[in-house]
Student: 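One structure, pasted below without further comment.
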Amino acid sequence: MPKPLKRSFFERSTLKVAPELLGKSIVIQSKKRKNKTGLIVEVEAYTNNDPACHAARGKTPRNEVMFGPAGFSYVYFIYGMYFCLNFITEKKDIPGAILIRALEIPDEDNRIASGPGKLCRYLKITKDHNKLDCCNSSSPLIVTESRLLKNDFSIVQSKRIGISQGANFPWRWYIKDNPSVSKP
DNA sequence: GACCGGATCCGT
DNA sequence: CGGATCCGGTCT
């Protein structure tokens with residue numbers, strides 16, 4: 001059984017945690033089916049006092065989990081057909097989240113999870129995966145260390161994609177030259 | 001109760 | 001570059 005990253009990993013500054021998620025593994029655990037894994041190759045940070053953050057205007061039913069403890073999932077529905085997956089950072093009551101933008105999937109086409117909507121489609125992540133405690137080893141959704149990618153990659157930092165407010169913050173990180181990044 | 005735009009993706 | 005497709009947030 002894979003060992004999830006500890007809450008203390010997530011319970012830090014969003015801007016520190018985000019690039020450190022690169023190279024980690026997302027694992028979808030199921031008793032009935034074989035586990036599915038994907039390597040995180042692209043992320044974006046959304047922080048407190050960030051106009052692009054869903055929590056920018058305070059707590060609502062949708063973003064409530066962002067005000068809770070770190071290490072939980074935040075999954076939301078967008079454009080009438082896609083879901084996006086985030087992990088919550090920072091201490092309780094301080095909103096912060098990291099959008100997972102692309103995964104490299106072992107033994108699959110490079111582009112099968114090369115975007116936030118595509119990776120949820122591939123992993124069948126829906127609103128049912130919202131508010132899961134990903135630090136609990138029995139959670140259907142966890143993040144683990146990975147042996148597949150070690151430290152032999154370089155990280156590129158750039159502006160975030162697809163937003164208008166806060167568009168100038170350079171809070172997107174991805175693995176250089178990785179073929180599964182959303183916009184290569 | 002209505003309106004509107006969105007942390008996207010795909011085909012043209 | 002436009003269309004798909006629908007929910008949450010905001011205003012009335």
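Reminder, nothing fancy here: chain letters follow the sequence lines and each chain counts from 1.
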Student: Among the nucleotides C:dC7, C:dG8, B:dA7, which one has an atom lying closest to any side-chain atom of A:Phe77?
Tutor: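 Looking only at heavy atoms from C-beta outward on A:Phe77, the closest nucleotide is C:dC7.
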
Student: Measure CG/A:Asn63 against P/C:dC7 and give the value in whole Å, please.
Tutor: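 Those two atoms, CG and P, are 18 Å apart.
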
Student: Could you check A:Leu119, A:Leu103, A:Ile98 and say which one makes a side chain to side chain contact (heavy atoms under 4.5 Å, CB included) with A:Ile40?
Tutor: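 Per the side chain to side chain contact (heavy atoms under 4.5 Å, CB included) rule, the option paired with A:Ile40 is A:Leu103, out of A:Leu119, A:Leu103, A:Ile98.
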
Student: Counting only side-chain heavy atoms from C-beta out, which of B:dA7, C:dA4, C:dC7 sits nearest to A:Met81?
Tutor: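 Given the options B:dA7, C:dA4, C:dC7, the side chain of A:Met81 is closest to C:dA4.
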
Student: Grab the two heavy atoms, one from A:Ser30 and one from A:Asn35, that are nearest each other, plus how far apart they are.
Tutor: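 Scanning both residues completely, I find the closest heavy atoms to be N-OD1, 3.5 Å.
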
Student: May I ask you to verify if any side-chain N or O of A:Arg111 is less than 4.0 angstrom from the OP1 or OP2 atom of B:dC9?
Tutor: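 Checking A:Arg111 against B:dC9: no side-chain N or O falls below 4.0 Å of OP1 or OP2.
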
Student: Should the ring pair A:Tyr74 and A:His54 be called parallel, tilted or perpendicular, given that the plane angle runs from 0 to 90° and is split at 30 and 60?
Tutor: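 Plane angle over 60°, so perpendicular.
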
Student: Output the rounded distance in Å from OH (A:Tyr82) to C1' (B:dT8).
Tutor: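 After rounding, the reported distance stands at 6 Å.
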
Student: Could you please name the option among C:dC7, B:dA7, C:dG9 that lies closest to any side-chain atom of A:Pro61?
Tutor: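 Closest of the options to the side chain of A:Pro61: C:dG9.
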
Student: In this structure, how many angstroms lie between the C1' atom of B:dA7 and the CZ atom of A:Phe87, rounded?
Tutor: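 Taking CZ of A:Phe87 and C1' of B:dA7, I get 15 Å after rounding.
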
Student: Using a cut-off of 4.0 Å on non-hydrogen atoms, how would the nucleic acid contact of A:Gly117 be classed: base, sugar-phosphate, or nothing?
Tutor: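 It contacts sugar-phosphate atoms only.
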
Student: Between A:Thr60 and C:dG8, is there a contact of a side-chain N or O with OP1 or OP2 at under 4.0 Å?
Tutor: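 Result: no.
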
Student: Heavy atoms from C-beta onward define the side chain here; which of C:dC7, B:dT8, C:dG9 lies closest to that of A:Ile78?
Tutor: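 Minimum distance to the A:Ile78 side chain belongs to B:dT8.
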
Student: Say we look at C:dT5 and B:dA2: how far apart would their P atoms be, to the nearest angstrom?
Tutor: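 22 Å, rounded to whole Å.
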
Student: Using whole Å, report how far CZ of A:Arg57 lies from P of B:dA7.
Tutor: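 Atom-to-atom, A:Arg57 to B:dA7, this comes out as 12 Å.
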
Student: Tell me what A:Arg160 touches on the nucleic acid: a base, only sugar-phosphate, or nothing, going by heavy atoms under 4.0 Å.
Tutor: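 Since no nucleic acid heavy atom lies under 4.0 Å of A:Arg160, the category is nothing.
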
Student: On DNA chain B, check which nucleotide each of A:Arg121 and A:Ser164 is closest to and give me the residue with the more 5' one.
Tutor: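 Comparing both residues, the 5'-ward one is A:Ser164.
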
Student: How long is the line joining NZ of A:Lys183 and C1' of B:dA7, in whole Å?
Tutor: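 So the NZ-C1' distance, A:Lys183 to B:dA7, works out to 12 Å.
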
Student: Just checking, any donor-acceptor pair under 3.5 angstrom between side chains of A:Asn48 and A:Glu90?
Tutor: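 Per modelled atom types, A:Asn48 and A:Glu90 side chains form no pair under 3.5 Å.
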
Student: Which one, C:dG9, B:dG6, B:dA7, comes nearest to the side chain of A:Tyr74?
Tutor: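 Closest nucleotide to the A:Tyr74 side chain: B:dA7.
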
Student: Just the rounded figure in Å: distance from C1' of B:dT8 to CG of A:Leu119.
Tutor: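 My rounded result for the distance is 11 Å.
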
Student: Any strand is fair game: report the nucleotide pairing with C:dC11 by Watson-Crick or G-U wobble, both distances under 3.5 Å, or none.
Tutor: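 The answer is B:dG1, by the H-bond criterion.
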
Student: Locate the shortest heavy-atom distance separating A:Gly68 from A:Ile88; write the atom from each residue and the value.
Tutor: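 So the two residues come closest at O-CG2, 4.1 Å.
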
Student: How long is the line joining CD1 of A:Ile112 and P of B:dC10, in whole Å?
Tutor: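 So the two atoms are 11 Å apart, to the nearest Å.
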
Student: Any side-chain N or O of A:Lys127 under 4.0 Å from OP1/OP2 of C:dC7?
Tutor: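 Checking A:Lys127 against C:dC7: no side-chain N or O falls below 4.0 Å of OP1 or OP2.
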
Student: Grab the two heavy atoms, one from A:Arg111 and one from A:Ser114, that are nearest each other, plus how far apart they are.
Tutor: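 It is O-OG, 2.9 Å.
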
Student: Within the modelled atom types, does a donor on one side and an acceptor on the other bring the side chain of A:Tyr79 and the base of C:dA4 under 3.5 Å apart?
Tutor: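 Between C:dA4 and A:Tyr79, which were checked side chain against base, a qualifying N/O pair under 3.5 Å is absent.
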
Student: Over how many whole Å does the gap from A:Leu85 atom CG to B:dT8 atom P extend?
Tutor: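 Result: 14 Å.
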
